Amino acid sequence: MVTAVLAITAGSLVCWPSHPPAHRLRLLTPAQHPIRIRPRTAAALMRHGPLALIGIATLLAALCVGSGVGFAIGISGITARALWRSHRKLAGELAAAEALTDAIHGLVAELRSGAHPVVAAESAAKDAKEPARAVLTAISAAARLGGDLTTALRQFDNSTLAPVLRPLTHAWSLAQRHGLPLADVLDSVRRDVAGRVRFANRVRARMAGPKASGTVLAVLPAVGLLLGESMGASPVHVLFTSSLGQTLLALGTTLICAGLYWITRLTSKAAL
């Protein structure tokens, strides 16, 4: 029996392929058609990937530990994702508004130097940052073709510039309709947007303290669990193994997440 096993093992080693499987699969794949992930597919993965991970973690915790632990992990993951998205959205709006302020400043300087609105918008777009560059490009194209600026800027309705594009559109239309100096009107819009950005930054700075206090209060229950474990009370064992403990874990996690979300809502009123 041992001789037969050794013979089979030796034969397997002799027949072992010299090239790795990836090399053989690469030979079967045409070189002129490489597999690439499209930008939209990558964006979809980035957008829905965290939700998939949260769902998998919730399901595994519910099957291996209990439904209460799975619910606590799920609600914590969803809340963390929502808070992160809210933070990134507000920061993106402020950064885009600052970029648009600089772009309008360059546009006003070009107009006051005597440039045509189309030439001024194209020149200012070269030095502007995204997404303000795309806005100025759309404005120059609409002005060159004599189109409606509102229709040209409709593509930015869902972007981070949406809150500050309305006064720009109204000012441009007002100047064209009544023959007002375009540079003065756009400069007024620039001052308005710059003032709103400064106010939003001041509010964010003043709300940093309350947000930090809310975060500390949300972490205190975890510190209490660590203290209980160090004292030998075994609160983690109670929360994870008993039905009452899992119910209390799910309820406490829900209340903590609701408190964090409400604090974020109260301290994020600095939106443009």
Side-chain angles (χ1 to χ4, degrees), residues 37 41-98 158-160 162-163 197-272:
I37 300 178
T41 305
L45 290 175
M46 292 294 294
R47 184 167 57 252
H48 301 293
L51 285 178
L53 293 177
I54 293 171
I56 293 173
T58 301
L59 182 61
L60 291 177
L63 293 177
C64 298
V65 184
S67 57
V69 178
F71 181 83
I73 292 177
I75 194 68
S76 300
I78 293 174
T79 303
R81 181 175 181 269
L83 297 182
W84 175 250
R85 285 169 63 93
S86 176
H87 172 74
R88 290 195 61 183
K89 179 183 177 182
L90 181 57
E93 288 180 354
L94 292 176
E98 291 178 354
N158 297 326
S159 66
T160 54
V197 171
R198 287 194 300 268
F199 175 76
N201 287 327
R202 286 199 300 268
V203 172
R204 290 187 68 189
R206 293 180 180 180
M207 290 296 105
K211 290 181 70 174
S213 300
T215 304
V216 170
L217 291 176
V219 176
L220 283 180
V223 177
L225 291 178
L226 294 177
L227 290 176
E229 288 291 332
S230 64
M231 295 170 59
S234 301
V236 177
H237 177 76
V238 175
L239 292 176
F240 279 36
T241 57
S242 64
S243 57
L244 178 60
Q246 293 203 16
T247 302
L248 293 176
L249 176 63
L251 180 61
T253 305
T254 303
L255 292 176
I256 291 174
C257 292
L260 285 174
Y261 183 77
W262 187 247
I263 289 173
T264 303
R265 287 288 303 272
L266 292 177
T267 57
S268 298
K269 297 301 183 181
L272 294 173

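Please read all numbers here as calculations on a predicted model, not as lab measurements. The chain is numbered in sequence order, starting from 1.
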Separation between [atom1] of [X] and [atom2] of [Y], rounded to the nearest 0.5 Å:
| X | Y | atom1 | atom2 | answer |
| --- | --- | --- | --- | --- |
| Leu248 | Thr253 | CG | OG1 | 10.0 Å |
| Leu239 | Leu244 | CG | CG | 9.0 Å |
| Arg204 | Leu90 | CZ | CG | 4.5 Å |
| Ile73 | Ile78 | CD1 | CD1 | 12.0 Å |

How close do [X] and [Y] get, counting heavy atoms only, and between which atoms?
| X | Y | value |
| --- | --- | --- |
| Val197 | Ala97 | CG2-CB, 3.5 Å |
| Ser76 | Cys257 | CA-SG, 3.9 Å |
| Leu83 | Tyr261 | CD2-CA, 4.0 Å |
| Ala72 | Ile75 | O-CG2, 3.3 Å |
| Ala250 | Gly68 | CB-O, 4.0 Å |
| Val236 | Glu229 | N-OE2, 2.9 Å |

Flag, side chain of Gln246 to backbone of Phe240, donor-acceptor distance under 3.5 Å: yes
Side-chain donor-acceptor pairs of residues 54-64 under 3.5 Å, sequence neighbours excluded:
{"residue": "Thr58", "atom": "OG1", "partner": "Ile54", "partner atom": "O", "Å": "2.7"}
{"residue": "Thr58", "atom": "OG1", "partner": "Gly74", "partner atom": "N", "Å": "3.4"}

Check residues 211-219 and write down every donor-acceptor pair under 3.5 Å in which the side-chain atom is one partner and the other belongs to a residue at least two apart or another chain.
{"residue": "Ser213", "atom": "OG", "partner": "Gly209", "partner atom": "O", "Å": "3.1"}
{"residue": "Thr215", "atom": "OG1", "partner": "Lys211", "partner atom": "O", "Å": "2.9"}

Stepwise side chain to side chain contact (heavy atoms under 4.5 Å, CB included) test for Thr254 and Phe71: CA-CA 9 Å; Thr254 303; Phe71 181 83; 3.1 Å; yes
